[in-house]
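These notes concern the structure reproduced below.
Each chain gets a letter, A, B and so on, in the order its sequence line appears, and its residues count up from 1.
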Protein chains: 2
Amino acid sequence: MSEIESVLKKHQIRPTAIRILVYKFLRKREVAVTLNDLEADFDRSERTTLYRTIKTFEKNGLVHQIDDGTGVSKYALDDKVAESGQPQDLHLHFHCDTCQETVCLTDHKIPHISLPPGFVSKDINLVIKGICDKCSNLE
Amino acid sequence: MSEIESVLKKHQIRPTAIRILVYKFLRKREVAVTLNDLEADFDRSERTTLYRTIKTFEKNGLVHQIDDGTGVSKYALDDKVAESGQPQDLHLHFHCDTCQETVCLTDHKIPHISLPPGFVSKDINLVIKGICDKCSNLE
DNA sequence: AAAAACATGCAATTGAAGTGCATTATTCCA
DNA sequence: TGGAATAATGCACTTCAATTGCATGTTTTT
Ligand SMILES: [Mn+2]
Ligand SMILES: [Mn+2]
Ligand SMILES: [Zn+2]
Ligand SMILES: [Zn+2]
């Protein structure tokens, strides 16, 4: 059994052909991925299947969904934890206005934010928009 | 000329009947508003007109659009600056999982966040989800 | 008053997300 | 091993917010 298959199994995901391919695709790309990105790369497969694949991955803690404000959902591997099974830490996301890519800055934890009395924080979404390292080097 | 009319004119917005009503509605509500909220309150008017009204307000700096992750856009008055004409400061938004309302926390500036080398920040969206003050008081 | 500019109403389109259901593949177990 | 049970896939269809095209109505300008 391949390493990928065992990662999927560790997350209670049956390693079908498409799932293995989607997982490989997510690994290969270092940026967050849309359903359209997947569809473009998998002529052979059906949009709905890819959709349900990624949702299965999400439900089982293998990827997390990213809302970067562009209106389309993106997904990225919880790579640091793909093996361990721990849930991915909260981190910030960066969306580049130039190349339109969104990346996880997993090493940048979200600072503590004080709220007015009575407000209880359960979850935080922090997205920074600007120019990414690749694009700023080209200026 | 009413005070409202002069606020609209200060933002180069012609004070039509609907625009005045929409502006009043935004003032009355202390939370961010969706297009559906507007439509529900304005039986007499057309969705498209309300949409274009709010977009005009936004373009002219009278309201700002809020993406709280629910999938539907919300809008709130740049009230602090409605008179001054200054652009609204960056601030965080709070979305209550209980009452589903979203509020601007205009007094809570977004802390400085350090980025890896090469990344340039132009804009920040920070949304905190949890329980708002009204809902936490009811527990 | 006529022309130009702008606002409004209604119909239609777009695009992402999600669901229903039939078909195919895999697993489970007698 | 041979099904029955369970899960995955494919295709059609729906939903919903956002947005646009165009005709009509209104206001402003000259
Ligand atoms: Mn991430
Ligand atoms: Mn706000
Ligand atoms: Zn970039
Ligand atoms: Zn609440």
Side-chain angles (χ1 to χ4, degrees), chain A residues 1-2 4-6 8-25 32-60 62-76 95 100 102, chain B residues 1-2 4-6 8-9 11-25 32-60 62-76 95 100 102 127:
Chain A
M1 186 197 318
S2 77
I4 290 181
E5 287 183 41
S6 72
L8 293 181
K9 283 192 179 164
K10 197 164 297 179
H11 287 263
Q12 327 264 15
I13 298 164
R14 297 202 332 209
T16 67
I18 288 178
R19 287 169 174 181
I20 290 170
L21 289 172
V22 169
Y23 182 79
K24 282 182 181 168
F25 182 81
V33 154
T34 67
L35 202 54
N36 280 331
D37 294 336
L38 279 173
E39 207 183 3
D41 216 65
F42 290 80
D43 293 343
R44 57 185 57 228
S45 190
E46 178 58 22
R47 183 182 189 79
T48 314
T49 303
L50 296 170
Y51 171 75
R52 286 199 257 235
T53 297
I54 206 86
K55 284 298 175 189
T56 298
F57 284 9
E58 187 191 2
K59 181 153 51 68
N60 293 37
L62 189 58
V63 308
H64 60 284
Q65 185 176 10
I66 300 164
D67 175 10
D68 63 7
T70 57
V72 306
S73 291
K74 297 184 179 167
Y75 300 88
H95 175 75
Q100 312 291 341
T102 295
Chain B
M1 187 198 314
S2 77
I4 290 179
E5 288 183 38
S6 73
L8 294 181
K9 283 192 178 161
H11 287 263
Q12 327 263 17
I13 298 164
R14 293 195 344 203
T16 68
I18 288 179
R19 288 169 174 182
I20 290 170
L21 289 173
V22 169
Y23 181 79
K24 282 182 181 168
F25 182 81
V33 154
T34 67
L35 202 54
N36 280 332
D37 295 335
L38 280 172
E39 206 182 4
D41 216 65
F42 290 80
D43 293 343
R44 56 184 58 228
S45 190
E46 177 57 22
R47 183 183 188 80
T48 315
T49 304
L50 296 170
Y51 171 76
R52 286 198 259 234
T53 297
I54 207 86
K55 283 299 174 188
T56 298
F57 284 9
E58 187 191 2
K59 181 153 52 68
N60 293 39
L62 189 57
V63 307
H64 60 283
Q65 186 176 9
I66 301 164
D67 175 10
D68 63 7
T70 58
V72 306
S73 290
K74 296 183 179 167
Y75 301 89
H95 176 75
Q100 312 291 340
T102 295
V127 180

| said: If I take atom CG in residue B/Leu50 and atom P in nucleotide D/dA18, what distance separates them, rounded to the nearest angstrom? | reply: 13 Å

| remark: Rounded to whole Å, CD of A/Gln12 lies from C1' of D/dA8 at a distance of 17 Å

| request: Would you indicate whether A/Lys55, at its atom NZ, is surrounded by more than 12 heavy atoms from other residues, nucleotides or ligands within a distance under 6.0 Å? | output: yes

| message | Below the 4.0 Å mark, does C/dG18 have OP1 or OP2 next to a side-chain nitrogen or oxygen of A/Tyr51? | response | yes

| message | Rounded to whole Å, please give me the gap between CG in B/Leu8 and C1' in D/dT27. | response | 16 Å

| query | In whole Å, what is the span from the CD1 atom of B/Ile54 to the C1' atom of D/dA18? | reply | 14 Å

| remark: To the nearest angstrom, the CD-P distance between A/Glu39 and C/dG18 comes to 15 Å

| task | Verify whether one side chain among B/Asp68 and B/Thr70 offers a donor that lies under 3.5 Å from an acceptor in the other. | result | yes

Expected rows: protein N/O vs nucleotides 2-9 of chain C N/O, under 3.5 Å:
residue	atom	partner	partner atom	Å
C/dA7	OP1	B/Arg19	NH1	2.7
C/dA7	OP1	B/Arg19	NH2	2.9
C/dT8	OP1	B/Thr16	OG1	2.8
C/dG9	OP2	B/Ser45	OG	3.2
C/dG9	OP2	B/Thr49	OG1	3.0
C/dG9	O6	B/Arg52	NH2	2.5

| message | Is there a side-chain contact between B/Leu38 and B/Ile54 in this structure, where contact means two heavy atoms from C-beta onward sitting under 4.5 Å apart? | response | yes

| said: Just the rounded figure in Å: distance from P of D/dT27 to NZ of B/Lys9. | reply: 13 Å

Could you go over nucleotides 14-17 of chain D and give all protein N or O partners under 3.5 Å, atom names and distances?
residue	atom	partner	partner atom	Å
D/dA17	OP1	B/Asn36	ND2	3.4

| task | Side-chain contact test, heavy atoms from C-beta onward, threshold under 4.5 Å: evaluate it for B/His95 versus B/Gln100 and give yes or no. | result | yes

| query | A/Leu8 versus A/Leu62: any side-chain heavy-atom pair under 4.5 Å? | reply | yes

